[in-house]
Amino acid sequence: MTASAPATPATPASPTASSSPTASSSSIEAFVEEASAFLDEHATRRPTGTARVVWGEGEDRISYFGDEPPEVDKAKVDAARAWQRTRHEHGFGWITGPTEYGGRALSPLHDLVYDQLEAGYDVPDTGVISLIGLGMIGPTILAHAREEIKQRYLPAMFRGDAIACQLFSEPGAGSDLANVATRAVRDGEEWVLNGQKVWTSVAHHAELGMAVCRSDPSQPKHRGITAFLVDMSLPGVEVRPLRQMTGGAEFNEVFLTDVRVPDDHRLGEVDDGWRVTMTTLMSERASVGGEGAGPVERAVSRSYLTAMLEAMGLSRDAAARRRLAEVLADLTATGYLNQQSLRTLLDGRAPGPEASASKLMFSHNLAAASHLAAEMVGPRMIAETGDWGTFSWNELLLGTPALRILGGTEEIMKNIIGERVLGLPKEPGTDTKAPFRAPTGEQS
Amino acid sequence: MSLDDATVEVVRGSLREVFATGRPVAPALDELGWAEVLEEDPSIATTVLFGEQGRALASSGLLADTMLAELPGYAPGTHTLLLPHPRLGSHPGPTGVLLASTAEVVVVPRATPDGVVLATIERSSLVTRPAGGFDPGSGWQLVTLGAALQPDSVPVGAAWERAVATGRRALAAEIIGVCTAALELAVTHTSVRHQYGRPLGSFQSVRHQLAEAHAALEAARVTLDVAWSAAEDVAAWAATVAKLRAGATQSTVLRRTVQVLGAMGITLESDMHRYVSRGAALDALLGGHLRLADEVGSAALAGADLHPVVTT
């Protein structure tokens, strides 16, 4: 998962590299045929009609974040890499990407069509590669890296060989990301990086990191920042897992000690790293099109929740029925909001602050569903009694707080809505004009 | 057919003027050539019309007229429809509500074992009393039906369900209009009123509440949009979900907008109280959100899917 992001971007960037949205739309049918043939050959179609939940049957796991032992985790990442490679070899690795870096230069609609087709097949989850690396850092490299860096890393990333992570948040820079203190000091054709990053998702699997560093502490905090692409195998890069209350360890602390990064790995201009960072954050497609077929989607559904109400003997309880309807109505509305965002995207417009409403609803829904389940199963969510569909909910209940933090906390999302959608007055920042100063200074 | 964005804005502007003048709505709509607009794009036309009525806190018989249009044989203007009493949801019973309408003939629905039947009755022969209560501005009249219904009762079958669905979509639009205006009032107030040397709206405790209101409102809007595009066999169900969503939203939104207006929000000095009472009154018609939540929950348990509508 990604750490909390700051209040978004002053300058709307155009993150997704793609041809014009209408381009090649005439070839959609041929594309569907090609993609279907590819999927039929390399993957197994999911049996249809499995959506209905029969209480007590099937896997009893409801976790958003993995909490498997490291070897299982590793095997899943390997499977993800292998599937991404297969996609890439057949022209589906980077559907919207420029052809010179291994992309197909097709429209976002083609991308969407492919995702929808693939959802009908049983294939490895490639989120570990795609959410941050391909979804956010890839577009940043495309927009801000030098030509030879693009050629070196983009094909590798989209082939599944290089997983990328965001070296963004720090102990002193969470929601206030511009407060980063990790130092980047120029030394000839290299930069020397020193500092600590935290909440870094997938760092333990990553070959590459995008580091946001303080290059000039004498400038105000947004100005003296420079961004770099960091080879995670360099001496001085140390990744330590952070264990979460769910039992999993999906994110990390990353210590950078005298890490020497070549200047050609710089993203954007010196001291202009905040703009580069905005490209990354704007590329987050929020939860657009994110309707998967994972254990959470299965549990947080009409079929599962109604089966649960019946199994708990609560189907004649009016209060429980109402709670159920409210959760389902919220889920439905969120699905519609996502479809709306998707249409915005397909119309060739950048996702705007309205996506914040969608994100707020998404985390709210998972929290509401887990709380509903908690009330229904009672103490069986605390103590493992062996009853199917009861204790397993603790995984989601303990995982939902993370969803309300990652990718921009709910509070930051509400600030964005307040300022950018409703037009409320800005909160006076007390530290946006003064020099950042050295990390020894007091920064709050 | 559908109206383009520019036309919608012109229509919206004209409607806003009509409601602002406070003159009777029906003749003003005739002057605007409303029938054509409605024919061109019923979903947008109805959403905009009721949204503006909600925003203006206006009272009219439009809801009854819109429902009557689904019931063959009754002309809006000369006829109005007796709506089921709020405690009955969408089921006609011995008591009902007459909206602010000047029509002389009332179409009275009645539930029978064979479905809903309709009868007409002269308004002058009905015993009515002002509804008053929480929203004194509603102009509603409560009606208790005597035994003397006209014998010309005709069964309307599925048309009643269609009328209720139309009414629920219209009410959802009107509730959204009420909430939009209340949120705008709250944004304006908290942008200009200063405390501690800063506008109230720059404090996170205030803006977060309004952001939550906005998110709820967006969810209600999109659910209503989808309900309008629902296929005929799921239209009633989608309308129920849209009304549930809008009803729950007015509670979420108005609680917050009242709070951020401070003491002003609870006095007659500000219009905020009018949005609160109108929002609650509209929620109560054709099934309040708690009642609908119970209905939708039961239907979900019986196997109904909440989103039968494919929009892409």
Side-chain angles (χ1 to χ4, degrees), chain A residues 51-52 112 116 301-303 305-307 309-310 314-343 346 353-354 356-361 364 410-419 421-428, chain B residues 183-184 186-188 190-192 194 197-204 206-227 238 241-242 244-245 248-249 289-312:
Chain A
R52 183 159 293 278
L112 173 70
Q116 287 184 342
S301 68
R302 199 268 308 162
S303 180
L305 293 172
T306 53
L309 229 72
E310 271 155 16
L314 290 168
S315 51
R316 267 186 273 279
D317 181 298
R321 276 202 308 260
R322 270 185 200 157
R323 289 284 311 278
L324 172 74
E326 283 158 6
V327 168
L328 294 180
D330 282 349
L331 284 171
T332 308
T334 310
Y336 295 153
L337 279 174
N338 286 341
Q339 286 178 9
Q340 196 181 49
S341 305
L342 206 55
R343 280 196 293 274
L346 292 179
E354 65 274 6
S356 298
S358 194
K359 199 223 160 199
L360 270 186
M361 294 282 293
H364 161 85
E410 286 188 357
E411 287 70 23
I412 292 292
M413 292 298 150
K414 289 177 191 171
N415 283 343
I416 293 173
I417 292 174
E419 269 180 36
V421 182
L422 298 177
L424 288 168
K426 279 180 89 72
E427 197 176 11
Chain B
L183 184 54
E184 283 174 13
V187 167
T188 305
T190 57
S191 297
V192 298
H194 284 61
R198 294 162 51 179
L200 284 178
S202 71
F203 289 96
Q204 294 195 359
V206 171
R207 61 161 46 155
H208 286 183
Q209 294 199 56
L210 298 183
E212 288 160 11
H214 165 78
L217 207 39
E218 285 301 300
R221 264 195 199 108
V222 77
T223 308
L224 176 59
D225 284 350
V226 171
V241 175
L244 160 62
R245 184 72 256 177
T249 291
H289 68 280
L290 293 178
R291 180 191 187 99
L292 293 183
D294 203 358
E295 281 180 22
V296 167
S298 300
L301 280 163
D305 236 323
L306 240 71
H307 49 95
V309 190
V310 178
T311 56
T312 46

Is chain B contacted by the side chain of [X], its backbone, both, or neither, given a heavy-atom distance below 4.5 Å?
X	answer
A:E410	neither
A:L309	side chain
A:L422	both
A:R322	both

Please find the pair of heavy atoms, one from [X] and one from [Y], that lie closest to each other, and give the distance.
X	Y	result
B:T223	A:Y336	CA-CD1, 3.9 Å
A:E310	B:L301	OE2-O, 3.5 Å
B:R245	A:A333	CD-CB, 4.1 Å
A:M361	B:A215	SD-O, 4.5 Å
A:L324	B:A300	CD2-CB, 4.3 Å
B:A293	A:E326	CB-OE2, 4.5 Å

Give, as side chain, backbone, both or neither, the part of [X] having an atom under 4.5 angstrom from any heavy atom of chain A.
X	answer
B:L244	side chain
B:L292	neither
B:A216	neither

### Query
So, B:R207 side chain and A:P425 main chain: donor-acceptor pair closer than 3.5 Å or not?
yes

#### Entry: Donor-acceptor under 3.5 Å (B:H214 side chain, A:G418 main chain)
no

## Note on the structure
chain B shares the most heavy-atom pairs under 4.5 Å, among A:V327, A:L360, A:L424, with A:L424

### Query
For A:R316, does the CZ atom sit with more than 12 other heavy atoms under 6.0 Å from it, leaving out its own atoms?
no

### Message
Just so I understand: if I count every heavy-atom pair under 4.5 Å between each of B:S202, B:P199, B:G297 and chain A, which residue has the most?
### Response
B:S202

